Amino acid sequence: MLLSSQVVYCVDGAYGRTTVVPMAAHNEPCFLIINKGQEDEMECHGFKRDRFKTAVTGFFAVCTVGLLFLVFYWKPEWFVWAQFKSCGLGDADTVLLRSMDDHRTWSKEKITVETKDSMGCSFSRARAGEDTDQIQKPSGASTASQDSAVIQLVERPISQPDQESLRYFVHHCLKYVWDTEKQAFQKLRGLDLGISCSSFQKLGPGLSSTDHANRRLLYGENAITVEVKSYIKLLFYEVLNPFYIFQLFSVCLWMSDEYYYYAAAIIVMSLLSIGVSLYTIRKQSEMLHQLVESHNTVLVEVCRNGNDYQEVDSTDLVPGDVLVIPPSGMLMPCDAVLITGNCILNESMLTGESVPITKTPLPSTTNDMYSPEEHRRHTLFCGTQVIQTRYYEGEVVKAVVVRTGFSTAKGELVCSILFPKPLSFKLLTAAYRFILV
C-alpha cells in the first residue's frame, strides 16, 4: 500500500542528483530512477509474488489453453502485474524495469539473494576492504561524491558492516547491487568513477589475497560470454513472434474460406522466412561467440600481496588488480589505467584507426577525478593490442584494472550488439491489433 504523503530523496552519488519517489508502508522506495542521466536510464519498480493473483492467473491460463502466457511473453509487464504485488524495493523478489527512451520498453528481472555462507565470505568492511586505506578520496570532493555507492561497492560489497546478505539483479549482462544505506539499486562499477588520479599510485603493491577473493565473488569472472542458442530454442523464439502468430491466424482465415492454395503459399513463405532467419541468427551468434571467446582466456602477470608477482588466468582479474604489461606486449583482457611506463597500442578493434597510439602514465600529482573518456591517453582498453612497452629505469610497466567483463569498452560494444534498440514497425502494431480482435 502506498502512502501518498511519503517521499524519499534518493541521491545518485555518481552525479550528485536527487530523484523523488513514492515510499511504501515500510519506508522503502517502491521505484527508483537508476542510471540517471545516462543512455541506459530506466525506472526500477519493486514487486513481490502474490499467491492469490498467481492462482487466478493460472486458472485463466488453463481456460485459454495457454494463450494467456503467450500474451505475457510479449508483454512482460502484464505478467508481473497479473501475479505480483507492488512493494518496497528492499522486500522485492522481482523488479520491473522500463527504459526512459522513446520506446519505453519493459523487462523483468529476478532478484538474487546470496548470504555470506553461500558466498564463503563476510560482507563486513573489515574483511572485504583490507586495502581501502590505499584509496583516498580528494578533500575537495562533494559529500555526495564521497559517500557514493560506487566507491562503497568498490571498497566493500555491502555498505553496512552488519549486513548478512547481498541482493542484486542482472540486466543486460550488468549487475545492479542493493545498497541498504541509499535504499537503492546501484550499477556495480569498478574504479572508473569517483576515484582521484593520485589514488591509483597507492595501488601499486597490489591487492591482498583476502580482498581479491571477496572482490572476485562480487564481480564474478572477467569474461565476455555470448550464448549460442540451439536451433530448437531459436525456433521457439522465432515462432512466437507476433508476425508469425498473425500469419497463423491468416492461414486459418483463408482455409475457412476454402482458399487452400493461398493458405499453402503463406505457409511455404513463412517456413522459408523462418529457416533463413534461424540460419542467419545462428551464424551471427557463432561468429560473435568465436570473436570474444578467443580473447577471454589468456595468462597474465599480476602484482599481489605487496610486490608478489603471480601468473594467473585473465578471468581471475578484478578491479584494483595491478597488471604487469610484458615488454613484448599483450592483448588487453580488461580496461586498465597505466601508472608506470609507456605503451604503444593498436586500437583498431575499437576505433578502426590503424595508426598505433602511445599511452603514458596517469599523472599522480593531480586530484582530478579519473574518467576513462577524459583520460583516454592513459587508459588501456579491453580488446586492444599492446605492441610494445617502455620503461627507462628498468622497472616493470604496471596498469591498474579499472573495469572487467561487460563493463569494459569491449563489453559495452558486445552489449550493444546483443541488446539493440527496439525498432517499431506499423505492421507489427497492426498484427497485435489483428490478434486481439
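Owing to the predicted nature of the structure, the values given are computational and were not obtained by experimental measurement.
For Leu317 against Val300, the heavy-atom pair with the smallest separation is CD2-CG2, 4.1 Å. Across all non-hydrogen atoms, the minimal contact from Ser107 to Pro76 is CA-CG, 4.3 Å. The minimum heavy-atom distance between Ile245 and Val239, with the atom names listed, is CD1-O, 3.8 Å. Minimum heavy-atom separation, Cys303 to Lys398: SG-NZ, 4.3 Å. Shortest non-hydrogen contact noted between Leu380 and Ala399 is CD1-CB, 4.1 Å. The shortest non-hydrogen separation linking Leu217 to Lys175 is O-NZ, 4.4 Å.
Of the possible donor and acceptor atoms, one in the side chain of Asp335 sits under 3.5 Å from a partner among the backbone N and O of Cys382. No donor-acceptor distance shorter than 3.5 angstrom exists from the side chain of His45 to the backbone of Leu96, with no hydrogens or angles considered. With hydrogens and angles ignored, the 3.5 Å screen pairs no side-chain donor or acceptor of Thr408 with any backbone N or O of Thr404. Side-chain atoms of Lys36 do not come within 3.5 Å of backbone N or O of Met42 as any donor-acceptor pair. When atom types are taken as modelled, the side chain of Lys48 and the backbone of Lys85 share no donor-acceptor pair closer than 3.5 angstrom. One N or O on the side chain of Thr280 and one on the backbone of Val276 form a donor-acceptor pair closer than 3.5 Å. The main-chain N or O of Pro333 is found under 3.5 Å from a side-chain atom of Asn222 such that the two form a donor-acceptor pair. Although no hydrogens or angles enter the test, the distance criterion places a donor-acceptor pair under 3.5 Å between the side chain of His375 and the main chain of Ser371. Between the side chain of Lys53 and the backbone N or O of Trp81 there is at least one donor-acceptor pair closer than 3.5 Å. A donor-acceptor pair under 3.5 Å is formed between the side chain of Asn305 and the backbone N or O of Ser209.
Here Gln183 contributes atom CD and Glu181 contributes atom CD; the two are 10.0 Å apart, rounded to the nearest 0.5 Å. If you take CG on Asp40 and CD1 on Ile34, they are separated by 8.0 Å, rounding to the nearest 0.5 Å. Going from atom CG of Asp321 over to atom OG of Ser314 covers 11.5 Å, rounded to the nearest 0.5 Å. To the nearest 0.5 Å, atoms CG (Leu345) and CD (Gln385) are separated by 8.0 Å. Distance OH/Tyr279 to CG/Leu234: 13.5 Å, rounded to 0.5 Å. Distance check, rounded to the nearest 0.5 Å: CD of Glu227 to NE2 of His289 gives 10.0 Å.
Salt-bridge formation is detected for the pair Glu347/Lys359: a Lys NZ or Arg NE/NH1/NH2 atom is positioned less than 4.0 Å from an Asp or Glu carboxylate oxygen. Salt-bridge formation is detected for the pair Asp192/Arg403: a Lys NZ or Arg NE/NH1/NH2 atom is positioned less than 4.0 Å from an Asp or Glu carboxylate oxygen. Taking a cutoff of 4.0 Å between a charged side-chain nitrogen and a carboxylate oxygen, Asp316 and Arg304 qualify as a salt bridge. Look at Arg104 and Glu77 and you find no salt bridge, because none of the NZ, NE, NH1 or NH2 atoms lies under 4.0 Å from a carboxylate O.
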Item to complete: For side-chain contact (heavy atoms from CB on, under 4.5 Å), just list the numbers for Val400 and Leu323, CA-CA rounded to whole Å, side-chain angles, deciding distance to a tenth of an Å, and then say yes or no.
Response: CA-CA 6 Å; Val400 177; Leu323 192 63; over 6 Å; no
- Task: Applying side-chain contact (heavy atoms from CB on, under 4.5 Å), run through Leu32 and Glu43 and close with a yes or a no.
- Result: CA-CA 6 Å; Leu32 296 169; Glu43 294 179 2; over 6 Å; no
*Are Lys233 and Glu238 close enough, and set up right, to give a salt bridge (Lys or Arg N to Asp or Glu O under 4.0 Å), and what steps lead you there?*
CA-CA 9 Å; Lys233 186 178 291 187; Glu238 191 70 18; over 6 Å; no
* To do: Kindly indicate, with the supporting measurements, whether the criterion side-chain hydrogen bond (donor to acceptor under 3.5 Å, both in side chains) is fulfilled by Arg49 and Thr94.
  => CA-CA 8 Å; Arg49 182 172 290 277; Thr94 299; over 6 Å; no
side-chain hydrogen bond (donor to acceptor under 3.5 Å, both in side chains) between Tyr219 and Ser407, worked out: CA-CA 10 Å; Tyr219 288 96; Ser407 298; over 6 Å; no
Margin query: Working note: Thr225 + Val292, criterion side-chain contact (heavy atoms from CB on, under 4.5 Å); need CA distance, chi angles, decisive distance, verdict.
Written below: CA-CA 7 Å; Thr225 56; Val292 300; over 6 Å; no
Handout entry: Chi angles and distances behind the side-chain contact (heavy atoms from CB on, under 4.5 Å) call for Thr384, Asn346
Key = CA-CA 6 Å; Thr384 59; Asn346 180 3; over 6 Å; no
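Side chain to side chain, Arg98 and Thr105 fail the donor-acceptor criterion of an N or O pair below 3.5 Å. Looking at Ser199 and Ser196, their side chains do bring a donor and an acceptor atom within 3.5 Å of each other.
Within the 4.5 Å cutoff, the side chain of Ser270 has heavy atoms near those of the Ile266 side chain. Residues Val113 and Leu166 are not in side-chain contact: their nearest non-hydrogen atoms beyond the backbone lie 4.5 Å or more apart. Residues Val56 and Phe52 have side chains in contact (heavy-atom distance under 4.5 Å, counting atoms from C-beta outward). Counting only heavy atoms from C-beta outward, the side chains of Val402 and Phe200 approach each other to under 4.5 Å. Residues Thr210 and Asn214 have side chains in contact (heavy-atom distance under 4.5 Å, counting atoms from C-beta outward). Using a 4.5 Å heavy-atom cutoff, the side chains of Leu174 and Lys187 are in contact. Side-chain contact between Tyr244 and Ile274: present, with at least one pair of heavy atoms (C-beta onward) separated by less than 4.5 Å. Looking only at side-chain heavy atoms (C-beta outward), Gln83 and Asp50 stay at 4.5 Å or farther from each other.
Between Phe72 and Phe79, the ring-plane angle classifies as perpendicular under the 30° and 60° cut-offs. Ring geometry for Tyr73 versus Phe236: interplanar angle over 60°, hence perpendicular rather than tilted (30 to 60°).
Outside the 6.0 Å centre-distance limit, the rings of Tyr176 and Tyr168 are not counted as a close aromatic pair. Annotation: Trp106 is not in aromatic contact with Trp74 [ring centroid separation under 6.0 Å not met].
Heavy atoms from other residues, nucleotides or ligands lying under 6.0 Å from CD1 of Ile232 number 12 at most. Atom OH of Tyr231 has more than 12 heavy atoms from other residues, nucleotides or ligands within 6.0 Å. Within 6.0 Å of CZ on Phe419 lie more than 12 heavy atoms contributed by other residues, nucleotides or ligands. Atom CD of Gln310 sits in a crowded spot, with more than 12 heavy atoms from other residues, nucleotides or ligands closer than 6.0 Å.
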